[in-house]
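Model, not experiment: these values are computed from the prediction. Sequential numbering from 1 along the given sequence is applied to the chain's residues.
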Amino acid sequence: MAGRGGRGRGLSRDPSADDTEPRPVDPVQEQRKATDICYALLTARARTRVELKDALLRKGITEQTAELVLAKFDRAGLIDDAAFAEVWVRSRHTYQGLGRRALAMELRRKGVADEVAAEAVAAVDDEAEEDRARDLVRKKLRTMATLDDTTKIRRLVSALARKGYAEGLAYRVVREELRRVGEDTTTLDDLTQD
């Protein structure tokens with residue numbers, strides 16, 4: 001029986017035991033798989049080149065095949081980091097209320113080159129950024145009627161900071177919006193005096 005058990009183990013070897021041995025990769029199949037992955041990802045939403053490459057590498061595609069497939073997608077115009085950045089900035093600023101600093105950080109995390117990101121973020125001018133900050137403060141103020149002045153100020157300025165708005169803009173917008181609704185801004189004025 002021990003002999004049979006030994007042979008049985010040898011014949012029904014655990015497939016994960018072969019993980020240490022490199023398996024031959026069929027380049028045509030791997031390219032097809034990489035192409036399918038890219039199409040699936042791009043169907044869901046636009047992606048940067050870096051996002052696609054990272055996804056391919058996570059799925060076990062070799063770097064050489066990933067670069068080959070991505071080059072084909074580049075030539076076909078299916079990957080355009082500048083167009084991606086433009087759409088991303090417009091969407092995230094409009095719907096999420098993100099300021100320029102947060103938008104630039106998100107684009108950097110997605111692998112967009114700094115100069116491309118800067119150009120896309122520049123589409124959000126000072127006036128548009130301030131208007132969006134005001135919208136956010138007005139919306140939050142509606143839910144803060146029972147809070148004391150210090151808590152309101154802290155929460156409003158913090159909310160704008162988390163959205164990527166500069167400190168000076170955040171304090172100015174909060175002060176002006178509090179005055180607009182007839183709130184006392186003495187606490188805020190005291191906090192921002194030099």
Taking only residues two or more places apart in sequence, or in another chain, which ones meet [X] in a side chain to side chain donor-acceptor pair (under 3.5 Å)?
| X | answer |
| --- | --- |
| Arg101 | none |
| Glu119 | none |
| Asp148 | Thr151 |

Pairs involving [range], ordered by first then second residue, that meet salt bridge (charged side-chain N to carboxylate O under 4.0 Å, His left out) (sequence neighbours left out):
| range | value |
| --- | --- |
| residues 138-147 | Arg138-Glu177 |
| residues 60-77 | Arg49-Glu67, Arg49-Asp74, Lys53-Glu63, Lys53-Glu67 |
| residues 26-47 | Arg45-Glu51 |

Closest heavy-atom contact between Leu70 and Cys38?
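Closest approach of Leu70 to Cys38: CD2-SG, 4.1 Å.
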If you take all heavy atoms of Ala55 and Leu41, which pair is closest and at what distance?
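Closest approach of Ala55 to Leu41, heavy atoms only: CB-CD1, 3.4 Å.
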Under the criterion side-chain contact (heavy atoms from CB on, under 4.5 Å), I'd like the reasoning laid out for Leu98 against Val89: C-alpha separation, chi angles, the key distance, then a yes or no.
CA-CA 9 Å; Leu98 296 185; Val89 164; over 6 Å; no
Applying side chain to side chain contact (heavy atoms under 4.5 Å, CB included), can you list everything that pairs with Asp125, at least two apart in sequence or on another chain?
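With sequence neighbours excluded, Asp125 shows a side chain to side chain contact (heavy atoms under 4.5 Å, CB included) to Glu127, Ala128, given in chain and number order.
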ring-ring contact (aromatic ring centres under 6.0 Å, His included): pairs with one or both residues in [range], sequence neighbours excluded:
| range | result |
| --- | --- |
| residues 27-48 | Tyr39-Phe73 |
| residues 100-136 | none |
| residues 90-109 | none |
| residues 101-124 | none |

side-chain hydrogen bond (donor to acceptor under 3.5 Å, both in side chains) pairs, two or more places apart, involving residues 156-166:
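Found none.
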Measuring from [X]:[atom1] to [Y]:[atom2], what's the distance to the nearest 0.5 Å?
| X | Y | atom1 | atom2 | result |
| --- | --- | --- | --- | --- |
| Thr65 | Leu57 | OG1 | CG | 10.0 Å |
| Thr143 | Lys152 | OG1 | NZ | 10.0 Å |
| Met144 | Asp149 | CE | CG | 11.5 Å |
| Arg155 | Leu160 | CZ | CG | 14.5 Å |

Charged N to carboxylate O below 4.0 Å: is that the case for Lys110 and Glu106?
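Answer for the salt bridge query: no.
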Would you call Glu130-Arg134 a salt bridge at under 4.0 Å N-O?
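Arg134 and Glu130: salt-bridged.
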Check the pair Arg90, Glu86 against salt bridge (charged side-chain N to carboxylate O under 4.0 Å, His left out), reporting the backbone distance first and the verdict last.
CA-CA 6 Å; Arg90 187 174 38 246; Glu86 181 183 320; 3.6 Å; yes
My understanding is that only one of Leu169, Leu156, Leu141 makes a side-chain contact (heavy atoms from CB on, under 4.5 Å) with Val174; could you say which?
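Looking at Leu169, Leu156, Leu141, the match for Val174 under the side-chain contact (heavy atoms from CB on, under 4.5 Å) is Leu156.
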